[in-house]
A.B. asks: 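To start, I am sharing the structure in question, which I have written as structure tokens.
None of the values given here were measured: they were computed from a predicted structure. Convention: sequence-line order gives letters A, B, ...; per-chain numbering from 1.
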Protein chains: 2
Amino acid sequence: MRFFMALAETLHFGRAAERMNMSQPPFSRQIAMIERTLGVKLFERNSRSVALTPAGKHFMEDCRNVLGQFEDACRDVRLVASGMKGELRLGFMMHAAHSVVPELVQLYAKARPDVRLVLDERTPTEIDEMLVAGTLDAAVTFDCGYAPHLQTVLLARERLRIIMREDHPLATVGQIYPEKLREEKVIAAPAATAPALRSAINSYFSAKGIVPHVVLEPRLQHTIIQLVAKGLGVALIPASLCTGMGTGLISRTLTDAPQLDVVLRAPMTTKNPAVSAFMEIGKSIQRTSL
Amino acid sequence: MRFFMALAETLHFGRAAERMNMSQPPFSRQIAMIERTLGVKLFERNSRSVALTPAGKHFMEDCRNVLGQFEDACRDVRLVASGMKGELRLGFMMHAAHSVVPELVQLYAKARPDVRLVLDERTPTEIDEMLVAGTLDAAVTFDCGYAPHLQTVLLARERLRIIMREDHPLATVGQIYPEKLREEKVIAAPAATAPALRSAINSYFSAKGIVPHVVLEPRLQHTIIQLVAKGLGVALIPASLCTGMGTGLISRTLTDAPQLDVVLRAPMTTKNPAVSAFMEIGKSIQRTSL
DNA sequence: TACGATCAATGCTTTCAGGGTATCAGATGG
DNA sequence: CCATCTGATACCCTGAAAGCATTGATCGTA
């Protein structure tokens, strides 16, 4: 096709051959072969002039397209391999949607506008499974410790706060000691859904020798807040979620509040070259937020 | 690219090679060469499994497009060469627009829906020039006799009628003898514009020894009718133009009315393969109209 | 754990597709 | 009529790429 285009544009075998870095005789043969293969005369030629047939004129348009798309494909595959283009599937837990994810996504979209970000909100356990399954390229979740096959970037530290209805007896207290919660009904996600969060809550109580009354274990953070609003108990949630919960709910600082690490994680052996830049953005956020 | 697609679809070197009608070792080398040329790893492979990298997955989409367009281009160029697709520039004189051209165009568009018809209304002399220059592929015009480099299909025979204002003295006569026109002011296109038409008119008069008073010589048939409507003279025009001239004008039969052949013409040596089918349609119209 | 089966990679040989040089043949202009 | 330009042909030769045989790695299985 490049041979054909060279001749179609120059209408001169010698110059077209030169453009293709070859001598005229083999070039003539190539053109003849193309015509023979297609079974179509593309050029009307005698020893003094070369002209396109109607079929050749039409073919020229098509060739221009095909060659252009071919070049684009070769360029793009290099861009994808370099991580400048492609797709990145990012999982994140609901807590992160309110804090670090928007900033992370915005910065990355600016740095890599041609990478399509597929966002997928999941529970922490789902995230872990999807990371090892390869369904996700990276994820924002709580640090649940040991994970040798994952690379980890610390994004932020979040303290837990307690939330309750504004008509709750403890609402008048400014800062709440754990002992005050001995008799409270607590709502918390099950360990199977959010191990890091749940274990932080459990440790917080057990350090004071308290066994919390966990009355409800919804899987979604959203549901927990709703249930607290209905007056079914109190809950310990990350500080970043305590703004804009809606009316009727208040949050209070906890004494020696448990701290959770929000991390960006990706498989060590990821094949997606778009991930590394994403991890770098994560590190830059870490520097500004800690 | 076909090698790449074969492997991307089968994910198995042996089967992909078989699909490409070659043995596995050279096929492996081809894939390796593609990766080396692009500088991009397209497959993740060990001795037990083959998988696409993200770059490979992206490249697969692009390759599918490029190969598809390539196939289309090869198919289309054959269609253009066979006359099933392409473009046909048809010239025609204004008289023909009212008679045979619509039918011709409609029949051809039905038979060759992928040929784009470019219609170009011109005066007969312009048409002749454009046919030899190759600006037109075919044309509907009056038969002006000798034209050895043109192929000709007779489409219809048209008698001339005379038109005049309805308040003209001759308007009361049903059929008009040429002698009656001896004193009339006649409006007719110049011989340089419509030689066949003008010479038919001239012969008609000179056969009776009359020299017509040609008072105005507009180039366009449209103008002639307008001038007759203004009462500036009478005119001899093809019968097919006499319907729907607008109010105030009438047409009358001429005794021994001159006859003109409306023909479809194309260069003998036309390179446009869409023309031959067009000439065939012309022949079929001839059979029905004569 | 050892063996066989599977599958991609590698080494070696061979062939022909395709490039180069020389030349021919037809057309054009001085 | 000759010089020149241009595309086509004839012939040769190189190296890209195909085939065959083999290796090496990884499973599954006895």
Side-chain angles (χ1 to χ4, degrees), chain A residues 1-57 59-60 63 67 70 74 81 132-134 149 269 271, chain B residues 1-57 59-60 63 67 70 74 81 132-134 149 269 271:
Chain A
M1 277 190 160
R2 293 182 54 241
F3 289 171
F4 168 77
M5 284 301 289
L7 183 56
E9 284 172 2
T10 62
L11 294 178
H12 188 289
F13 277 79
R15 278 187 278 280
E18 188 180 9
R19 184 187 292 191
M20 293 295 102
N21 302 311
M22 58 165 65
S23 59
Q24 173 262 321
F27 182 82
S28 287
R29 277 197 301 264
Q30 287 296 329
I31 295 294
M33 164 122 87
I34 292 169
E35 291 185 324
R36 194 150 19 89
T37 308
L38 289 175
V40 171
K41 256 214 153 8
L42 298 171
F43 296 97
E44 210 60 54
R45 51 191 181 278
N46 52 46
S47 45
R48 292 306 284 181
S49 70
V50 179
L52 281 163
T53 61
K57 220 169 277 180
F59 195 52
M60 194 172 147
C63 281
L67 289 175
F70 175 78
C74 293
V132 301
H149 59 290
T269 64
K271 293 304 168 193
Chain B
M1 278 192 160
R2 294 182 54 240
F3 289 173
F4 168 78
M5 284 302 288
L7 183 56
E9 284 171 2
T10 62
L11 294 178
H12 188 290
F13 277 78
R15 278 187 278 280
E18 189 180 9
R19 185 188 292 193
M20 293 294 102
N21 301 312
M22 60 166 68
S23 59
Q24 172 262 319
F27 182 82
S28 287
R29 278 195 296 264
Q30 286 295 330
I31 295 294
M33 162 122 88
I34 292 170
E35 292 185 324
R36 193 149 21 87
T37 308
L38 290 175
V40 171
K41 254 211 153 13
L42 299 171
F43 297 97
E44 211 59 56
R45 51 189 181 278
N46 52 46
S47 46
R48 294 306 286 180
S49 70
V50 179
L52 281 163
T53 62
K57 221 170 276 181
F59 195 52
M60 194 172 145
C63 281
L67 289 176
F70 175 79
C74 294
V132 299
H149 58 291
T269 64
K271 293 302 168 195

A.B. asks: By nearest atom, which of the nucleotides dA8(D), dA18(D), dC7(C) is closest to the Phe3(B) side chain?
C.D. replies: dA18(D)
A.B. asks: With rounding to the nearest 0.5 angstrom, report the CZ to CD distance, Phe4(B) to Gln30(B).
C.D. replies: 14.0 Å
A.B. asks: Pick base, sugar-phosphate or nothing for Arg48(B), based on heavy-atom distances below 4.0 Å to the nucleic acid.
C.D. replies: base
A.B. asks: To the nearest angstrom, how far is Leu7(B) atom CG from dC7(C) atom P?
C.D. replies: 13 Å
A.B. asks: Closer than 4.0 Å, any side-chain N/O of Gln30(A) to the OP1 or OP2 of dA17(C)?
C.D. replies: no
A.B. asks: Please tell me if the side chains of Pro26(B) and Arg29(B) come closer than 4.5 Å, counting only heavy atoms from C-beta onward.
C.D. replies: yes
A.B. asks: Where each residue is assigned the nucleotide of DNA chain C containing its nearest heavy atom, which of Asn46(A) and Pro26(A) is assigned the position nearer the 5′ end?
C.D. replies: Pro26(A)
A.B. asks: Does a side-chain N-to-carboxylate-O contact under 4.0 Å join Glu9(B) and Arg15(B)?
C.D. replies: no
A.B. asks: In whole Å, I'd like the distance from the CZ atom of Phe27(B) to the P atom of dG19(D).
C.D. replies: 12 Å
A.B. asks: Can you tell me if Ser23(B) touches the phosphate of dG19(D), counting only side-chain N or O atoms and a distance under 4.0 Å to OP1 or OP2?
C.D. replies: yes
A.B. asks: Check the distance between dC5(D)'s P and Arg15(A)'s CZ and give it to me in whole angstrom.
C.D. replies: 11 Å
A.B. asks: How long is the line joining CE of Met22(B) and P of dA16(D), in whole Å?
C.D. replies: 16 Å
A.B. asks: Indicate yes or no: at least one non-hydrogen side-chain atom of Val40(B) is less than 4.5 angstrom from one of Glu35(B).
C.D. replies: no
A.B. asks: Could you please name the option among dA9(C), dA8(C), dA8(D) that lies closest to any side-chain atom of Pro25(B)?
C.D. replies: dA9(C)
A.B. asks: Quickly work out the Gln24(B) CD to dT22(D) P distance and round it to whole Å.
C.D. replies: 15 Å
A.B. asks: Quick one: is Arg45(A) getting a side-chain N or O under 4.0 Å of the dA8(D) phosphate, OP1 or OP2?
C.D. replies: yes
A.B. asks: Where the side chain of Thr53(B) meets the backbone of Leu42(B), is there a donor-acceptor pair that is under 3.5 Å apart?
C.D. replies: yes
A.B. asks: Find the distance Met20(A):CE to dG20(C):P and express it as a whole number of Å.
C.D. replies: 13 Å
A.B. asks: Just N and O in the side chain of Ser28(B): are any of them under 4.0 Å from OP1 or OP2 of dA8(C)?
C.D. replies: no
A.B. asks: I need the NE2-P distance between His12(B) and dT6(C), as an integer number of Å.
C.D. replies: 10 Å
A.B. asks: For a quick check of understanding: with a heavy-atom distance under 4.0 Å over all strands, which category does Met33(B) fall into, base, sugar-phosphate or nothing?
C.D. replies: sugar-phosphate
A.B. asks: What's the CD1-P distance between Ile31(B) and dA9(C), to the nearest Å?
C.D. replies: 9 Å
A.B. asks: Is a donor-acceptor contact shorter than 3.5 angstrom present between the side chain of Arg29(B) and the base of dG19(D)?
C.D. replies: yes
